[in-house]
Amino acid sequence: MAFAGKIREKPDMSRLPRHIAIIRDGNGRWAKRRGLPRSAGHAAGAETFRRTADYCRSLGIKYLTVYAFSTENWKRNEREVEAIMSLLRRYLEEALADMEKNRVRIRIFGDRAGFSQDVLKLISRTEEGSERFEGDQINLCINYGGRAEILHACKRIARLCAEGALSPGDIGEDTLSGCLYSSGVPDPDLVIRPGGEKRTSNFLLWQSAYSEFYFTDTLWPDFAAGEIDKAILEFQKRERRYGGV
């Protein structure tokens with residue numbers, strides 16, 4: 001495929017990351033540069049998410065985790081929050097309608113408190129309906145914060161100890177991992193952040209301890225297949241030693 005006047009380099013399909021996580025960023029700035037309301041940026045970002053999910057599946061990426069709505073995003077104005085919730089409803093409704101065709105397991109990571117009853121019902125139906133699929137998996141981080149997730153896990157462990165179901169001396173990394181929203185999901189190999197910022201923004205703090213990070217100035221609505229390829233190519237150049245020599 002021609003790209004910027006030359007053949008675009010493609011990733012080595014034998015060394016793909018098993019799990020890619022993405023911090024979506026830049027929807028608001030994308031809209032502002034075009035004189036559009038922020039809701040238009042979120043709508044464009046939602047389409048980018050669909051394209052990205054399809055492309056990752058076509059490559060053979062088994063797990064895709066996307067930061068869709070943080071615990072701090074509730075601070076935004078009511079109109080913007082409702083626009084984001086409307087897009088979430090639409091995505092979940094489409095996922096339900098296309099479930100048998102796509103056969104993708106969908107999980108929601110985050111605190112369910114604060115969501116309307118209709119959104120909660122859609123989340124439950126989507127998770128329960130897709131649970132039987134064993135191939136690809138999409139994880140949506142909604143009302144999610146990495147610190148809140150770890151705190152939630154610690155409280156769960158404390159309850160288990162108080163109930164006598166767990167001894168403090170038996171608590172290890174696997175114990176805490178098993179109490180996270182992401183229990184059972186392998187840690188991300190590659191974390192991608194579009195939008196120009198170079199921080200993790202409270203995303204998968206425990207799980208990304210040994211992830212490779214890739215930052216790009218491209219705003220999320222402009223993120224395309226070529227950007228995924230660039231991130232994977234950079235990932236494939238790195239040597240992952242996990243603290244070893």
Side-chain angles (χ1 to χ4, degrees), residues 3-4 8 20-58 61 64-98 106 108-111 114-116 118-120 122-123 126 138-146 148 188 190-204 208 213-232 234:
F3 184 74
R8 192 175 83 211
I20 291 178
I22 301 177
I23 302 171
R24 305 186 315 157
D25 192 21
N27 290 343
R29 282 172 286 159
W30 182 92
K32 183 177 180 180
R33 291 176 185 180
R34 290 160 175 77
L36 300 171
R38 291 178 63 87
S39 58
H42 293 305
E47 290 304 316
T48 298
F49 164 66
R50 290 181 178 85
R51 293 195 303 270
T52 301
D54 288 344
Y55 185 64
C56 285
R57 285 177 58 207
S58 73
I61 306 299
L64 174 66
T65 300
V66 178
Y67 207 177
F69 189 82
S70 76
T71 51
E72 291 75 30
N73 287 157
W74 293 109
K75 300 174 185 177
R76 298 184 179 183
N77 71 68
E78 186 176 344
R79 181 176 297 180
E80 182 175 352
V81 170
E82 181 51 41
I84 295 171
M85 290 298 111
S86 294
L87 290 168
L88 172 60
R89 289 187 191 94
R90 185 185 305 171
Y91 173 76
L92 293 174
E93 288 167 352
E94 291 174 355
L96 283 166
D98 297 335
I106 297 174
I108 306 299
F109 296 170
D111 186 352
F115 290 118
S116 63
D118 66 318
V119 170
L120 288 173
L122 281 170
I123 288 173
T126 304
I138 293 175
N139 308 306
L140 294 176
C141 293
I142 306 170
N143 197 21
Y144 175 88
L190 173 63
V191 178
I192 301 171
R193 177 158 192 165
E197 304 292 354
K198 294 178 175 62
R199 56 177 178 267
T200 61
S201 293
N202 203 19
F203 181 56
L204 300 180
S208 65
F213 282 79
Y214 176 84
F215 300 98
T216 174
D217 291 334
T218 303
L219 300 178
W220 175 246
D222 292 327
F223 206 77
E227 296 291 337
I228 290 287
D229 287 348
K230 289 179 191 177
I232 295 175
E234 177 61 29

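In terms of modelled atom types and a separation under 3.5 Å, the side chain of Trp220 and the main chain of Gly45 share a donor-acceptor contact. No donor-acceptor pair closer than 3.5 Å links the side chain of Arg38 to the backbone N or O of Ala31. Distance alone, capped at 3.5 Å, places no donor-acceptor pair between the Asp111 side chain and the Asn143 backbone. Between the Ser70 side chain and the Asn73 main chain, a donor and an acceptor come within less than 3.5 Å of each other. Put simply, the side chain of Arg29 gets close to the backbone of Gly195: a donor and an acceptor are under 3.5 Å apart.
Proximity of Leu36 to Trp30: side-chain heavy atoms (C-beta onward) are separated by under 4.5 Å at one or more points. A heavy-atom distance below 4.5 Å is found between the side chains of Ser116 and Arg89. Inter-residue side-chain proximity for Tyr67 and Leu204 is flagged as unmet; no heavy-atom pair is nearer than 4.5 Å. Under the 4.5 Å side-chain criterion, counting only non-hydrogen atoms from C-beta, Val81 is in contact with Phe69. Between Ile20 and Ile232 there is a side-chain heavy-atom pair separated by less than 4.5 Å. At a threshold of 4.5 Å between non-hydrogen side-chain atoms, the residues Ile108 and Tyr144 do not count as touching. Looking at Glu72 and Asn202, their side chains come closer than 4.5 Å, going by heavy atoms from C-beta outward.
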Exercise for review: List the steps and the verdict of side chain to side chain contact (heavy atoms under 4.5 Å, CB included) for Leu122 and Leu88.
Suggested key: CA-CA 9 Å; Leu122 281 170; Leu88 172 60; over 6 Å; no
Exercise for review: Begin with the C-alpha distance, continue with both residues' side-chain angles, and end with the deciding distance and a verdict on salt bridge (Lys or Arg N to Asp or Glu O under 4.0 Å) for Glu82 and Arg79.
Suggested key: CA-CA 5 Å; Glu82 181 51 41; Arg79 181 176 297 180; over 6 Å; no
Exercise for review: Please lay out, stage by stage, how Glu227 and Lys230 fare under the test salt bridge (Lys or Arg N to Asp or Glu O under 4.0 Å).
Suggested key: CA-CA 5 Å; Glu227 296 291 337; Lys230 289 179 191 177; 3.6 Å; yes
Check your understanding: Do Leu219 and Arg33 pass the side chain to side chain contact (heavy atoms under 4.5 Å, CB included) test, and can you show the C-alpha distance, the side-chain angles, and the key distance before you say yes or no?
Key -> CA-CA 11 Å; Leu219 300 178; Arg33 291 176 185 180; 3.4 Å; yes
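Ile22 contributes atom CD1, which lies 8.5 Å from atom CZ of Phe49 (distance to the nearest 0.5 angstrom). In this structure, CD1 in Ile142 is found 13.0 Å from OG1 in Thr71, a value given to the nearest 0.5 Å. One distance of note links CG of Asp25 with CD1 of Ile192; it measures 13.5 Å at 0.5 Å rounding. We find the CD1-CD1 distance between Ile61 and Ile228 to be 8.0 Å, quoted to the nearest 0.5 Å. Note: Met85 CE to Phe115 CZ = 5.0 Å, rounded to the nearest 0.5 Å. Atom CG of Asn27 sits about 10.0 Å away from atom CG of Asp222, to the nearest 0.5 Å.
Across every non-hydrogen atom of Gly196 and Asp217, the tightest pair is CA-OD1, 3.3 Å. The shortest non-hydrogen separation linking Tyr214 to Ala231 is CD2-CB, 3.5 Å. The two residues Leu87 and Ala46 make their nearest non-hydrogen contact at CD2-CB, 4.2 Å. Nearest heavy atoms, Arg50 versus Glu47: NH1-OE2, 3.0 Å. Nearest heavy-atom pair, Ser208 versus Pro188, reported as atom, atom and distance to 0.1 Å: CA-CG, 4.5 Å. In this structure, Ala53 and Ile138 approach most closely via the heavy-atom pair CB-CD1, 3.9 Å.
Using a 3.5 Å distance cut-off with no hydrogens or angles, the side chains of Arg24 and Thr48 do not pair a donor with an acceptor.
Residues meeting the ring pair (Phe, Tyr, Trp, His ring centres under 6.0 Å) test with Phe109, sequence neighbours left out: none.
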